[in-house]
Amino acid sequence: MLFLNPPFNMAMDEKCFTKRFVFYGPKIAALEAALSAPSTRGEAVTALIWKCAVNASRSNSGVSKLSILSRSVDIRKITVPPLPDNSVGNFVGYYASQKDESDIQLQGLVRELRKGIQDFSKSYLQKLQREDALEAITESCKDAIAILISNDVDLYVCNSLCDVSLYDIDFGWGNPTWVTNISSNAPNHKNLVGLIDSSTGDGSIEAWVTLTEADMALFERDPDLLCYAATFDYPSVLKSYL
């Protein structure tokens, strides 16, 4: 099992596009029901996006590659014992799930996501809490480099800020009206997904997806995606920065 850190070099010469998709609470509930398998909101949405992105890539390239998705995880919640939510420091890790493109089914992708976090908790996280922590980090970096330079793997990276209660933050001038985790540099990279809770507070999730132009053209028209997601352009507040 691989435990990938965020990619340090996924810059592309090929033009990429970032688009915003909103998964409303009732649609997420319907998606979870269709999965017939235990999942969190974030896992259900991640699995659907992963499936549709892989299908787009496969259709455009005509080649079936091993697909790996690296997803962020809040280490505070999975240490034994758990760390307080207000622990100071960079307590974010990344775990990887992988799937052969010939078998891209939602239920299977959710199982791989759940297996990835379980393996991360039982193996890699335990090493980080022992004296050989540096060795574990070094091995993880080597694995990440090998994948990044490989032409035989499609790598996707998902950063999730769901359930972080960002709309409860108040620095003295009130709660935020709208929060996003998109980077202004996102269009220069491919296969990136950013998840964040919607401002509606009803369990809806905003997903910012960056793919190559060719893959995005197929992805945003995927019937499976459109069953659960609504497509939106950039909010006007962002357009001047992108």
Side-chain angles (χ1 to χ4, degrees), residues 6 18-53 69-79 82-95 106 109-110 113-114 116-117 156-184 186 192-210 219-220 222 224-242:
T18 300
K19 295 203 173 183
R20 180 170 67 121
F21 302 85
V22 177
F23 296 80
Y24 292 107
K27 289 291 187 179
I28 295 177
L31 175 60
E32 291 180 292
L35 287 172
S36 300
S39 67
T40 64
R41 293 180 304 128
E43 287 170 342
V45 170
T46 299
L48 178 61
I49 291 173
W50 188 11
K51 174 181 181 292
C52 296
L69 185 137
S70 178
R71 193 169 188 267
S72 62
V73 58
D74 185 354
I75 293 178
R76 297 173 182 83
K77 300 181 184 300
I78 59 176
T79 56
L83 296 170
D85 289 339
N86 59 357
S87 299
V88 177
N90 186 7
F91 289 100
V92 177
Y94 282 78
Y95 69 91
L106 276 179
L109 295 179
V110 170
L113 289 171
R114 305 221 106 189
I117 188 61
Y156 298 86
V157 177
C158 177
N159 293 293
S160 176
L161 289 177
C162 294
D163 299 319
V164 181
S165 302
L166 293 175
Y167 286 95
D168 293 334
I169 296 174
D170 185 349
F171 292 104
W173 52 84
N175 302 112
T177 301
W178 183 72
V179 180
T180 185
N181 59 346
I182 185 177
S183 167
S184 60
L192 302 181
V193 179
L195 302 182
I196 191 167
D197 288 322
S198 169
S199 61
T200 56
D202 60 356
S204 301
I205 292 177
E206 290 188 12
W208 293 85
V209 182
T210 303
F219 176 85
E220 66 180 344
D222 191 307
D224 290 338
L225 178 72
L226 296 178
C227 280
Y228 302 102
T231 306
F232 292 90
D233 194 5
Y234 289 115
S236 58
V237 70
L238 280 184
K239 287 187 176 180
S240 60
Y241 296 97
L242 299 172

Ignoring hydrogens, what is the shortest heavy-atom contact between [X] and [Y]? Give both atom names and the distance.
| X | Y | result |
| --- | --- | --- |
| Ile205 | Cys162 | CD1-SG, 3.8 Å |
| Ile28 | Phe23 | CD1-O, 3.4 Å |
| Ser204 | Gly25 | OG-N, 3.0 Å |
| Pro38 | Val110 | O-CG1, 3.6 Å |
| Ala30 | Tyr228 | C-CE2, 4.0 Å |
| Leu109 | Ala47 | CD1-O, 3.4 Å |

Would you call [X] and [Y] a side-chain contact if the rule is heavy atoms closer than 4.5 Å?
| X | Y | value |
| --- | --- | --- |
| Arg41 | Asp163 | yes |
| Leu192 | Thr18 | no |
| Glu206 | Thr200 | no |
| Tyr156 | Leu69 | yes |
| Val179 | Asp197 | no |
| Thr46 | Ser160 | no |

Point-to-point distance, once rounded to the nearest 0.5 Å, from [atom1] of [X] to [atom2] of [Y]:
| X | Y | atom1 | atom2 | result |
| --- | --- | --- | --- | --- |
| Leu31 | Ser39 | CG | OG | 7.0 Å |
| Leu35 | Leu48 | CG | CG | 8.5 Å |
| Leu166 | Ser199 | CG | OG | 12.0 Å |
| Trp50 | Glu43 | CH2 | CD | 11.5 Å |

Is the side chain of [X] donor-acceptor paired with the backbone N or O of [Y] at a distance under 3.5 Å, no angle test?
| X | Y | result |
| --- | --- | --- |
| Arg71 | Leu113 | no |
| Thr231 | Phe21 | no |
| Lys19 | Val209 | no |

